[in-house]
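Working notes for the structure below.
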Amino acid sequence: SLGNALRNSIKRVMNAPHIDSNLIREVCKDIQRALLQADVNVKQVLDLTKRIEKRALTEKPAAGMGSGEHVVHIMYEELSNLLGKGRSIELKKQKILMLGIYGQGKTTSCAKLARYLQKKGLSVGMVAADIHRPAAYDQLKQLSEKVNSKFYGDIHAKSAIDVVDRGLKELSDCDVIIIDTAGRHKLDEELMKELKEINDRVKPEERILVIDATTGQQAKEQARAFHENVGITGVILTKMDGSAKGGGALSAVAEVGAPIMFIGTGEKIEDFELFDSERFISRLLG
Amino acid sequence: RGIFGKPREESIEALEMALLEADVGIDATERIKNAVAMQKKEIGAIIREEVKNILSENSMDFDEFVKTHEKPVKLLFVGINGSGKTTTIAKVGYRLKNNGYSCVFGSCDTFRAGAVEQLKYHGEKIGIEVIAHDYGSDPASVAFDAIAHAKAKRMDAVLLDTAGRMQTNKNLMEEMKKIKRVSSADLTIFVGDGLAGNDALLEAKEFDANIGIDCVILTKIDSDAKGGSAIAIAQELKKPIIFLGMGEGYDRLMKFDAEWFVKRLFE
Ligand SMILES: Nc1nc2c(ncn2[C@@H]2O[C@H](COP(=O)(O)OP(=O)(O)OP(=O)(O)O)[C@@H](O)[C@H]2O)c(=O)[nH]1
Ligand SMILES: Nc1nc2c(ncn2[C@@H]2O[C@H](COP(=O)(O)OP(=O)(O)OP(=O)(O)O)[C@@H](O)[C@H]2O)c(=O)[nH]1
Ligand SMILES: [Mg+2]
Ligand SMILES: [Mg+2]
């Protein structure tokens, strides 16, 4: 497997008495393959491996660090730089806007986040601002009953902004209001306009992009579109219980400069964890 | 992209980039590169031919399949969470109804919040009856009832919607085996997200290994996704891609066309 190939070439680098450029190039080739297999954006992979190779060939290892360990250190450092500085969600009164492409796990993540915040002692209300998807109201309502959070929605609503206006009033005594929105992609002009409108009206403290770990090369471009429209403050990476490495999400994060705060690890509401960048990178590399 | 009419060496690199950026995956891309390296002719044309061959080698006409199959024909829709199964089943039902077939939906997702309401909404809109049980009930029994209903009413097609599941979840794959066995589905359709990268092949592979899939529908292609995973799936699993999901509307189901797909891949 690719993970084995990379692990073996890293072993070779670690055990080499001294580092030579051919060995470095070989490791970098394996890193490149592993990252492509993990769905990291192609251009980013090429830039990244060029940088890793150049640093490995020109930098002196830190005191006490073998040249093999140095290459591994550079690799982890470069990938962490793409991920950016981590940040956890603040436990304070706030409004959170959940957004993203169709089927990524937004609605489910609203409930997961609600449960998390409630466990931390905050009261939570969820607003069903998805007026497009059939039974979106039912879905979020059923989830709110499962987690015992407050809920506002309107099955006869003619506009999302209308639901949001009333939702903010109805749930004003909640510490946190989580707003679920409809799925949309970068080419949905009208829907992007709707999202922009909702954002301008609500002025949420957090604008969280929900990304499916299986997303491939489109991740970066799609994330950029959301970022240009509302400005992303955080990311939730879903479906990490599958086999996908989440490289697309890494590219999206690098693109919008927002940290991954949580990962979804299953369909159940409790399948929700704080993001751990070291574990993510190890898994990314196989 | 400048692949055509450019010096050969540079073109191979451009080709590689185009395929990788389209989610074709490194393995499938390497095989295409190797196949092309052997030839002397103009590279752009060869590449197009190679990819088109991969995609058309195993083709299937869904409409023809339904037309000639014993009724009720039983269609099982499977795939991971959120790939677009429920929306796709509605589109296929809509297509069949327009082609004069009587259909019934089996709401075998008895787990996810709002799943039954979602399929019932589609059923009402299109005019297709939905057989459903309570949440938490056995999905296989819903399939059984939907098929029994179709047979009793002498209907043409039963379309079974199932809960999304990760191919890595052993229990859910066991559950799916049971649903397939109880339904003895005539056609198992893998619904894959067109935005997925390398994982799409892994998903299709595992579903095929566990329950057997007959064909593939890739969704959300309207998002600008190239859907290159279709190539990896066609190449490795030899399964036909029958439709592409091109939007949320009931009529947004495009019959797969290899020529169209390849042209779009490289533009
Ligand atoms: N296995 C797994 N499934 C998940 C996870 N998060 C969400 N899901 C499932 O993914 C599917 C889609 O989730 P939704 O919450 O409906 O996604 P959405 O983004 O709201 O979808 P739209 O509103 O249609 O855009 C559902 O079957 C969820 O149960 C996760 O972390 N792991
Ligand atoms: N733009 C676009 N959206 C699609 C397409 N197919 C499905 N969707 C959307 O993707 C989201 C998920 O679709 P569903 O049909 O609920 O997916 P599913 O596979 O049944 O999901 P689970 O049952 O939760 O696993 C919905 O918002 C759909 O409207 C498509 O071809 N294009
Ligand atoms: Mg939703
Ligand atoms: Mg469904």
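Side chains included, hydrogens not; waters and symmetry mates left out as well; all remaining heavy atoms used. Not measured: the values here are computed from a predicted model. Residue numbers start from 1 in every chain, and the chains themselves are labelled A, B, ... in the order their sequence lines are given, proteins ahead of strands.
Interface check for chain A: of the options Lys220(B), Lys125(B), Lys120(B), the most heavy-atom pairs under 4.5 Å are formed by Lys220(B). Across Arg112(B), His122(B), Lys226(B), the residue that shares the most heavy-atom pairs under 4.5 angstrom with chain A is Arg112(B). Contact count versus chain A (heavy atoms, under 4.5 Å) is highest, among Asn169(B), Leu202(B), Thr168(B), Asp224(B), for Asp224(B). The candidate from Asp193(B), Ile80(B), Asp222(B) with the greatest count of non-hydrogen atom pairs under 4.5 Å with chain A is Asp222(B). With chain B as partner, the option from Gln222(A), Arg133(A), His132(A) having the largest number of non-hydrogen pairs under 4.5 angstrom is Arg133(A).
In this structure, CG on Asp161(B) lies 9.5 Å from CG on Leu159(B), to the nearest 0.5 angstrom.
For Lys29(A) and Glu26(A), the salt-bridge test fails: no basic side-chain N is under 4.0 Å from an acidic carboxylate O. Note on Lys178(B) versus Asp138(B): salt bridge recorded, some NZ/NE/NH1/NH2 to OD/OE distance being below 4.0 Å. Residues Glu270(A) and Lys112(A) are not paired through a salt bridge, judged by the lack of any N-O separation under 4.0 Å between the basic side chain and the carboxylate. Under a 4.0 Å N-O distance rule, the pair Lys33(B)/Glu16(B) qualifies as a salt bridge.
Using a 4.5 Å cut-off between heavy atoms, Leu172(B) touches chain A through its side chain atoms alone. In this structure, no portion of Glu124(B) lies under 4.5 Å from any heavy atom of chain A. Interface residue Leu36(A): backbone and side-chain heavy atoms are both found under 4.5 Å from chain B. Looking at Leu46(A), the atoms closer than 4.5 Å to chain B (heavy atoms on both sides) all sit in the side chain, from C-beta outward. The contact between Lys239(A) and chain B is made by backbone and side chain atoms together, counting heavy-atom distances below 4.5 Å. Proximity to chain A (any heavy atom under 4.5 Å) is restricted, for Glu248(B), to the side chain, taken from C-beta onward.
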Practice task
Apply the test side chain to side chain donor-acceptor pair (under 3.5 Å) to residues Gln167(B) and Asn210(B): give CA-CA distance (whole Å), side-chain angles for both, the deciding distance (0.1 Å), then the verdict.
Solution key: CA-CA 9 Å; Gln167(B) 79 278 16; Asn210(B) 274 285; over 6 Å; no
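Closest approach of Val235(A) to Ala258(A), counting heavy atoms only: CG2-O, 4.2 Å.
Between Lys186(A) and the options Glu221(A), Glu228(A), Gln218(A), a side-chain hydrogen bond (donor to acceptor under 3.5 Å, both in side chains) holds for only Gln218(A).
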